[in-house]
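So the structure is just underneath, and the comments pick up after that.
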Protein chains: 2
Amino acid sequence: MIINNIAQLLETKNIQASYHRIKILEYLVNNRIHPTVDNIYSALVKGIPTLSKTTVYNTVKLFVSKKLVMQVTVEDNEARYDYSETPHFHFKCKKCEKLYDIFQESDLLKSNEIDGHRIEEYHIDFKGICSFCTTKGEMANG
Amino acid sequence: MIINNIAQLLETKNIQASYHRIKILEYLVNNRIHPTVDNIYSALVKGIPTLSKTTVYNTVKLFVSKKLVMQVTVEDNEARYDYSETPHFHFKCKKCEKLYDIFQESDLLKSNEIDGHRIEEYHIDFKGICSFCTTKGEMANG
DNA sequence: TTCTCTGCAAACGCTTTGCACGGAT
DNA sequence: ATCCGTGCAAAGCGTTTGCAGAGAA
């Protein structure tokens, strides 16, 4: 369902709504499981036998560049992709390896628990434009 | 300097203090620049011509397993290594690509600035033992 | 001697690149 | 006819593995 909405969503971001792109975005919207490229490919190739992994790579890269989906890196060498309107954090269980979404915001760092999960490590990374680059304006490019 | 302290630091963590390990840890302690394996290798091979990248891989992996250094993944396909007693966050400038340490803790998410840097994205990942694995105790290993 | 550290070379796995085919406009 | 999406095959690159030689205990 909501294939039309998916196509519209693509157009909102100025992405031409090809069949593959619709299916890939649809998968991301309906499966908020932080899939890898391989996850997406394996799930979709059953219904689209001609699908290639290159297309999945191309497509998620395009989606990320258009800020339609977010790339998540919790573990190394596994790029995962995440469609979500709501900013959130992740909790990865070292035992069962599941990746949980965390929406709670307050007192994140005041205890060693979050949503009942025992925190052993955390990694908080910000990206943006640093104060030096901000004051230097655009001229410092390159 | 402080070669002796480095050796002691290794012994504290039950790591035999070989020459290479001392030099690699010394480099990490003195260069809090979140170096990659390649950074470490390139810096040290000048003074230790026989050094191999495999040894650097082996060594940082050992350090991480002994919790002597932390593995940082801000960008994909670049594993960086970080010696630091103080837990902290990172801010990566999208323009100049520099990686800043952030020690401030309060109101992290209440504004779109931190230490004067303009935040455009953030990624907060936790790792530990999830509530299900905790209640299941040790029996659920596998 | 035995155990561990070291290092070369090859293998590995994810990702990217180059190029050509095919469909849409 | 042109542009863009797609896909195969090969290359690329960081990392891991296997194994052998060197050094320490």
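We name chains A, B, ... by the order of the sequence lines, and we start the count at 1 in each one.
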Given atom [atom1] of [X] and atom [atom2] of [N], what is their separation to the nearest angstrom?
X       : N      : atom1 : atom2 : result
A:Tyr41 : C:dC14 : OH    : C1'   : 15 Å
B:Ile40 : D:dG14 : CD1   : C1'   : 14 Å
B:Tyr81 : D:dT15 : OH    : C1'   : 9 Å
A:Ile24 : D:dG7  : CD1   : C1'   : 12 Å
B:Arg80 : D:dT15 : CZ    : P     : 10 Å

### Task
Check each of B:Leu28, B:Val56, B:Ile40, B:Ile48 against B:Lys23 using the side-chain contact (heavy atoms from CB on, under 4.5 Å) test, and report the only one that passes.
B:Ile48
### Message
Using the rule side-chain contact (heavy atoms from CB on, under 4.5 Å), only one of A:Ile6, A:Thr55, A:Leu62 pairs with A:Arg21; which is it?
### Response
A:Leu62
### Summary
Scoring nucleotides 3-8 of chain C by protein non-hydrogen atoms under 4.0 Å (B base, S sugar-phosphate only, - none) yields --SSBB
### Pairing residues for A:Ala17 by the side-chain contact (heavy atoms from CB on, under 4.5 Å) criterion, not counting sequence neighbours
A:Ala7, A:Leu10, A:Glu11, A:Ile22
### Task
Could you list the residues that satisfy side-chain contact (heavy atoms from CB on, under 4.5 Å) with B:Thr54, not counting sequence neighbours?
B:Ser52, B:Asn58
### Task
Taking only the side-chain nitrogens and oxygens of A:Tyr57, find out if one of them lies under 4.0 Å from OP1 or OP2 of C:dT16.
no
### Query
Any side-chain hydrogen bond (donor to acceptor under 3.5 Å, both in side chains) pairs touching residues 39-51 of chain A, not counting sequence neighbours?
A:Thr36-A:Asn39
### Query
Pairs in or reaching into residues 35-44 of chain A: which pass salt bridge (charged side-chain N to carboxylate O under 4.0 Å, His left out), with residues at least two apart or in two chains?
A:Asp38-A:Lys53
